[in-house]
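To find a chain, count down the sequence lines: A is the first, B the second, and so on, and within it residues start at 1. Side chains are part of it too, since the values below use all heavy atoms of this structure and drop only hydrogens, waters and symmetry mates.
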Amino acid sequence: MATFDADEAARLHRDLHSHLPSDPALRVKTLESLMVERGFASEATLDAWVEAYSDHIGPKRGARVIARAWTDPAFKARLLEDAAVAIKDFGFEGSATAHLKAVENTDTRHNMVVCTLCSCYPFALLGMSPAWYKSFEYRARAVREPRKVLAEFGVSLPDGVDIRVWDSTAELRYLVIPQRPDGTKGWDENRLAAIVTRNSMIGTDRDLDPGKA
Amino acid sequence: MDGIHDLGGKQGFGPIDVTHDGPPFSTEWEARMYAISQTTGGDDWTIDWFRHVIELLPPDIYLNEPYFQRWFMVYATGLVQSGVTTRAEILGGVAAAKETPPRDQTLAEVLEEVRQSDRSFARTATDSAVFQPRQKVRTLRHGHSDHTRLPGYARGATGEILTHHGAHALPDEGAKGREAAEHLYTVVFSAPELWGDEADPRDTVTLDLWESYLVAA
């Protein structure tokens with residue numbers, strides 16, 4: 001049973017941290033052997049989890065959802081209405097997607113997602129978050145100076161575009177629907193999905209490049 | 001709590017390293033730590049207690065340990081505190097009593113488990129919503145010393161209700177292992193309201209805030 005005792009947790013943090021080896025890999029290896037010995041999961045099960053998030057669950061999932069939204073207006077309407085349900089068409093629902101919300105970029109609006117308090121992210125749809133998303137720099141600055149942050153990602157916005165930054169403070173998770181670029185008329189879903197970048201679904205990329213397909 | 005984790009708007013961190021285009025896990029131990037986190041834990045841990053235990057890291061540790069080492073610390077501290085393991089076991093890596101793990105999960109089983117884990121935090125409301133979309137609201141000026149999801153930068157600020165989401169589990173109670181349903185809203189603030197004249201008046205920031213964080217403006 002957890003004690004939910006904050007003072008005790010803070011004390012244990014200090015105590016354990018001062019006695020742990022400094023090598024992060026060694027710490028985790030020690031925890032892993034212990035958890036296996038305690039019967040939580042086998043090594044093979046842990047391998048399967050690593051494989052799932054290394055090779056199967058990642059931003060390609062989100063890109064397929066975006067490509068469908070670009071080609072199927074009825075799907076796009078459902079995605080904007082309730083993204084958590086719409087992604088079940090693909091079986092992409094799961095960890096942290098029960099309250100997924102899709103927000104759409106337009107000629108006059110750019111959307112950007114951050115979690116200033118931790119690093120909330122729609123894992124089952126976009127996979128592991130990129131290092132920069134979890135960085136102190138991004139978490140601190142995205143809400144305060146989004147235009148400077150975007151400039152560091154190589155994105156500059158025309159004058160008529162406002163920015164809406166979504167700080168994920170509850171269990172809602174956000175998926176940005178980037179604009180479909182010109183020069184992609186008649187493309188099928190697979191070809192379109194290939195040009196959707198992970199960053200464009202978080203909002204640190206904007207103008208997608210049809211040349212990347 | 002006014003912890004080091006509450007980073008929104010803090011200055012001095014410098015440029016963002018935007019170059020991450022490598023594999024999903026940048027090191028092997030990150031991958032193992034993530035896998036451990038998905039298969040291990042206390043039966044009664046809540047997402048809010050998990051987040052609170054990270055926030056309770058002393059600031060020097062929080063700032064100096066990599067992201068997944070902060071997760072490691074949650075498991076080390078949390079498992080000892082829950083009586084799942086002991087301090088000696090965490091530091092030594094050898095279990096006093098060995099138990100047999102459940103049979104191996106296949107990749108297909110893991111993917112299916114992920115798919116089925118879209119856990120809802122919506123709860124049945126016990127009262128009607130106080131605020132309606134388009135209504136002006138002000139956030140509380142003060143937080144409290146336990147877990148809460150009203151960031152410091154958005155306190156005492158006036159915004160407008162964008163969306164009402166019905167009732168969701170309140171994190172302030174969840175971090176204590178208790179359940180409470182409370183109405184949740186997305187609230188939109190103008191950037192100058194939060195940051196003053198330096199901010200671009202075209203821009204807005206939204207936060208998802210529970211009813212007890214808000215008063216009518």
Problem - Electrostatic pair B:Arg51-A:Glu171, nearest N-O below 4.0 angstrom - result: yes
Practice task
Would you mind checking which part of A:Asn199 comes under 4.5 Å of any heavy atom in chain B, side chain (CB onward), backbone (N, CA, C, O), both or neither?
Solution key: neither
Practice task
Measure distances from B:Asp200 to the heavy atoms of chain A and classify the residue's part below 4.5 Å as side chain, backbone, both or neither.
Solution key: side chain
Exercise for the section: Look at the rings of A:Phe123 and B:Tyr34 and say which category their plane angle falls in: under 30° parallel, 30 to 60° tilted, over 60° perpendicular. Expected result: tilted
Handout entry: Residue part contacting chain A, namely of B:His165, when any heavy atom lies under 4.5 Å
Key = side chain
Exercise for the section: Sort out for me which of B:Asp146, B:Thr27, B:Val114, B:Leu91 touches chain A most, counting heavy-atom pairs under 4.5 Å. Expected result: B:Val114
Practice task
Mind listing the closest non-hydrogen atom pair of B:Thr39 and A:Phe40 along with its distance?
Solution key: O-CD2, 3.7 Å
Problem - Shortest non-hydrogen contact between A:Arg144 and B:Gly9, atoms and distance - result: NH1-O, 2.9 Å
Practice task
Go through the atoms of B:His5 and report whether side chain, backbone, both or neither lie under 4.5 Å from a heavy atom of chain A.
Solution key: both
Problem - Separation of A:Cys118 SG from B:Ile54 CD1 (nearest 0.5 Å) - result: 7.0 Å
Practice task
Considering only heavy atoms, give the residues of residues 22-38 of chain A separated from chain B by less than 4.5 Å, sorted numerically, with 'none' for an empty result.
Solution key: A:Pro24, A:Ala25, A:Arg27, A:Val28, A:Thr30, A:Leu31, A:Glu32, A:Ser33, A:Leu34, A:Met35, A:Val36, A:Glu37, A:Arg38
Problem - Side chain / backbone / both / neither for A:Asp47 at chain B, heavy atoms under 4.5 Å - result: both
Practice task
Return the minimal non-hydrogen interatomic distance between A:Thr169 and B:Asp208, and the atom names on each side.
Solution key: OG1-O, 2.6 Å
Exercise for the section: Inspect the contact between A:Asp15 and B:Arg87 and indicate whether a charged nitrogen and a carboxylate oxygen are less than 4.0 angstrom apart. Expected result: yes
Exercise for the section: Measure the shortest side-chain to side-chain distance between B:Trp195 and A:Val143 over non-hydrogen atoms and say whether it is less than 4.5 angstrom. Expected result: yes
Practice task
With the side chain counted from C-beta on, respond yes when A:Val165 and B:Asp203 share a heavy-atom pair under 4.5 Å apart, and no when they do not.
Solution key: no
Practice task
Give the ring-plane orientation class for B:Trp49 versus A:Phe4, where under 30° counts as parallel, over 60° as perpendicular and anything between as tilted.
Solution key: perpendicular
Exercise for the section: Heavy atoms only, distances under 4.5 angstrom: which of B:Glu89, B:Glu99, B:Lys10 has the most pairs with chain A? Name it, please. Expected result: B:Glu99
Practice task
Look at B:Thr163, B:Leu209, B:Asp104 and state which one has the largest set of heavy-atom pairs under 4.5 Å with chain A.
Solution key: B:Asp104
Completion exercise
Under 4.5 Å to a heavy atom of chain A? For B:Pro102 that would be both
Completion exercise
Whatever's closer than 4.5 Å to a heavy atom in chain A on B:Leu184 counts as side chain
Problem - Segment of A:Glu145 engaging chain B (4.5 angstrom heavy-atom cut-off) - result: neither
Handout entry: Region of B:Tyr62 in contact with chain A, defined by heavy-atom distances below 4.5 Å
Key = both
Fill in the blank from the handout: Under 4.5 Å to a heavy atom of chain A? For B:Val84 that would be both
Problem - A:Lys134, NZ: over 12 other non-hydrogen atoms inside 6.0 angstrom - result: yes
Practice task
Can you measure from CZ (B:Arg202) to NE2 (A:His110) and round to the nearest 0.5 angstrom?
Solution key: 13.0 Å
Practice task
Would you mind checking which part of B:Arg70 comes under 4.5 Å of any heavy atom in chain A, side chain (CB onward), backbone (N, CA, C, O), both or neither?
Solution key: side chain
Handout entry: Top of B:His147, B:Glu113, B:Glu109 for chain A proximity - count of heavy-atom pairs under 4.5 angstrom
Key = B:Glu113
Exercise for the section: Considering non-hydrogen atoms only, spot the tightest contact between B:Arg149 and A:Ser168 and give its length. Expected result: NH2-O, 3.5 Å
Exercise for the section: Name the region of A:Phe90, side chain, backbone, both or neither, that has any atom closer than 4.5 Å to a heavy atom of chain B. Expected result: neither
Practice task
Go through the atoms of A:Arg11 and report whether side chain, backbone, both or neither lie under 4.5 Å from a heavy atom of chain B.
Solution key: neither
Problem - A:Leu16 versus chain B, the contacting section by heavy-atom distance below 4.5 Å - result: both
Handout entry: Segment of B:Phe68 engaging chain A (4.5 angstrom heavy-atom cut-off)
Key = side chain
Problem - Shortest non-hydrogen contact from B:Leu7 toward A:Phe136 - result: CD1-CD2, 3.3 Å
Completion exercise
So, the part of B:Leu207 with a heavy atom under 4.5 Å from chain A: the answer is both
Exercise for the section: Name the member of A:Ser119, A:Ala124, A:Ala142 that forms the most heavy-atom pairs with chain B at distances under 4.5 Å. Expected result: A:Ser119
Completion exercise
In terms of heavy-atom pairs under 4.5 Å with chain B, the winner among A:Asp162, A:Asp55, A:Leu12, A:Ile163 is A:Ile163
Practice task
With a 4.5 angstrom heavy-atom cut-off, could you sort out which part of B:Phe121 is near chain A: side chain, backbone, both or neither?
Solution key: both
Practice task
Check each atom of B:Gln69 against the heavy atoms of chain A and say whether the ones under 4.5 Å are side chain, backbone, both or neither.
Solution key: side chain
Handout entry: Side chains of A:Tyr53 and B:Phe25 in contact at under 4.5 Å (non-hydrogen atoms)
Key = yes
Problem - Nearest-0.5 Å distance that lies between atom CG in B:Asp17 and atom CD in A:Glu152 - result: 10.5 Å
Handout entry: Partner chain B: residue of A:Lys101, A:Lys148, A:Arg141 with the largest heavy-atom pair count (under 4.5 Å)
Key = A:Arg141
Problem - Min side-chain heavy-atom separation B:Val110-A:His56 under 4.5 Å - result: no
Completion exercise
When the 4.5 angstrom heavy-atom criterion is applied to B:Ala199 and chain A, the contacting part is neither
Fill in the blank from the handout: All heavy atoms of B:Pro24 vs all of A:Ser54, minimum pair found to be CG-O, 3.6 Å
Problem - Under 3.5 Å: donor-acceptor pair, side chain of A:Glu93, backbone of B:Asp118 - result: no
Exercise for the section: Select one option (side chain, backbone, both, neither) describing which atoms of B:Glu30 are under 4.5 Å from chain A's heavy atoms. Expected result: neither
Handout entry: Max heavy-atom pair count under 4.5 Å with chain A, selected residue of B:Pro15, B:Ala31, B:Pro23
Key = B:Pro15
Exercise for the section: Could you tell me whether a side-chain N or O of B:Asp44 sits under 3.5 Å from a main-chain N or O of A:Ala2, the two making a donor and an acceptor? Expected result: yes
Practice task
Measure the CG-NE2 distance between B:Leu57 and A:His13 for me, rounded to the nearest 0.5 Å.
Solution key: 4.0 Å
Handout entry: Reported OG-to-CG distance for the pair B:Ser37 and A:Leu46, which is rounded to 0.5 angstrom
Key = 10.0 Å
Practice task
Identify which part of A:Asp205 has an atom lying under 4.5 Å from any heavy atom of chain B, answering side chain, backbone, both or neither.
Solution key: neither
Problem - Closest-packed option against chain A by number of heavy-atom pairs under 4.5 Å, given B:Ser26, B:Gly42, B:Ser120, B:Gly22 - result: B:Ser120
Problem - A:Ser42 OG to B:Gln105 CD distance, which is reported to the nearest 0.5 Å - result: 8.0 Å
Problem - Residue list, side-chain hydrogen bond (donor to acceptor under 3.5 Å, both in side chains) with A:Ser200, at least two apart or on another chain - result: A:Thr197
Handout entry: Residue selection (most heavy-atom pairs with chain B, distance under 4.5 Å) from A:Leu117, A:Asp167, A:Val161, A:Leu172
Key = A:Leu117
